[in-house]
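To start, the structure under review is shown below, and the notes come after it.
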Amino acid sequence: DARVTQTPRHKVTEMGQEVTMRCQPILGHNTVFWYRQTMMQGLELLAYFRNRAPLDDSGMPKDRFSAEMPDATLATLKIQPSEPRDSAVYFCASGSGTGDPYEQYFGPGTRLTVT
Amino acid sequence: EDQVTQSPEALRLQEGESSSLNCSYTVSGLRGLFWYRQDPGKGPEFLFTLYSAGEEKEKERLKATLTKKESFLHITAPKPEDSATYLCAVQARSSASKIIFGSGTRLSIRP
């Protein structure tokens, strides 16, 4: 049963600390997305990659957020320094990149609380 | 600007009471419209993709339909386990892989 996995599932940290979230996309999927979900804003696209190359990161605050794909099986989202307004659930999703259009499959999310 | 609007925000139904959720969209050339289900504490779960006006897809008690301006998710004789937030999303022809989500409809089915 192929699934997107994310770690950690929960993270509580103090303002100013660095936070790293990890995602393992479904094997064979070449497109990876990072979303943030809050009650107020709903699901917001932060960044996405195709074949490990960033295609669009216009949804991310550039001064504190960064996203990378060190290899095809790992995507990371870092926040440095973290702020209370970053508290949200962060989802990773992957897609096959084939077909027109194609579906995205979501991981279980990382619930981040910044105090 | 591409946009997705879902209504109502919340819907409470009695078990067995059929209804429909609405997703209105404006997009510069629709590549696809997606429906997802999200349970509390979980990631969205893919349900359907619709490609063109007139298309319909069904899964158990759910049926999704598409026109040039909106999509409906019809729920027939719902059960309490159908309670969830239902999200609609669109992908434009011009947007490569990017999809835009609506804010969702919270559906609650009372036994």
Side-chain angles (χ1 to χ4, degrees), chain A residues 1-7 9-10 21 23-26 29-60 88-111, chain B residues 1-10 21 23-25 27-53 55 57 59 64 66 71 84-106:
Chain A
D1 184 21
R3 297 185 184 190
V4 175
T5 58
Q6 290 185 246
T7 57
R9 293 294 313 278
H10 302 273
M21 291 169 269
C23 166
Q24 182 172 16
I26 292 173
H29 281 187
N30 69 347
T31 313
V32 174
F33 304 80
W34 283 105
Y35 290 89
R36 176 170 62 185
Q37 188 174 42
T38 61
M39 289 293 293
M40 293 298 295
Q41 299 294 330
L43 265 172
E44 301 174 275
L45 179 66
L46 297 175
Y48 67 100
F49 295 77
R50 175 174 283 175
N51 296 324
R52 297 175 55 200
L55 287 190
D56 187 342
D57 61 1
S58 58
M60 283 200 317
V89 182
Y90 291 81
F91 288 105
C92 173
S94 71
S96 64
T98 60
D100 185 20
Y102 59 90
E103 305 86 47
Q104 296 179 15
Y105 294 89
F106 283 75
T110 294
R111 182 175 294 276
Chain B
E1 182 182 342
D2 300 334
Q3 199 167 4
V4 179
T5 304
Q6 291 188 248
S7 62
E9 285 188 17
L21 313 182
C23 171
S24 298
Y25 64 91
V27 65
S28 51
L30 181 70
R31 175 173 284 179
L33 184 142
F34 307 89
W35 282 98
Y36 285 83
R37 168 189 172 132
Q38 186 174 22
D39 293 295
K42 296 189 176 181
E45 175 189 343
F46 170 75
L47 292 173
F48 303 110
T49 305
L50 300 168
Y51 299 85
S52 58
E55 188 176 4
K57 292 211 175 154
K59 181 179 180 179
L66 181 65
S71 176
T85 296
Y86 290 85
L87 298 166
C88 172
V90 297
Q91 185 181 35
R93 292 198 176 279
S94 60
S95 68
S97 304
K98 182 175 178 178
I99 69 175
I100 299 169
F101 280 86
S103 55
T105 294
R106 289 191 313 279

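Here is how names work: the chains are called A, B, and so on, in the same order as the sequence lines, proteins then strands, and each is numbered from 1.
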Pick from Arg111(A), Glu44(A), Gln37(A) with the largest number of heavy-atom pairs that fall under 4.5 Å of chain B: Gln37(A)
With only heavy atoms counted, which part of Leu87(B) is less than 4.5 Å from chain A, the side chain, the backbone, both or neither? side chain
Does any backbone or side-chain atom of Gln38(B) lie under 4.5 Å from a heavy atom of chain A? Answer side chain, backbone, both or neither. side chain
Does the side chain of Phe91(A) reach to within under 4.5 Å of the side chain of Pro44(B), using non-hydrogen atoms? yes
In a check of ring pair (Phe, Tyr, Trp, His ring centres under 6.0 Å) between Phe106(A) and each of Phe34(B), Phe46(B), Tyr36(B), which one passes? Tyr36(B)
Enter the distance from Met40(A):CE to Ser103(B):OG here, rounded to the nearest 0.5 Å. 11.5 Å
What part of Gln41(A) lies closer than 4.5 angstrom to a heavy atom of chain B: side chain, backbone, both or neither? neither
Exceeds 12 heavy-atom contacts within 6.0 angstrom, atom NZ of Lys42(B): no
Step by step, would you call Ile99(B) with Tyr35(A) a side chain to side chain contact (heavy atoms under 4.5 Å, CB included)? CA-CA 11 Å; Ile99(B) 69 175; Tyr35(A) 290 89; 3.5 Å; yes
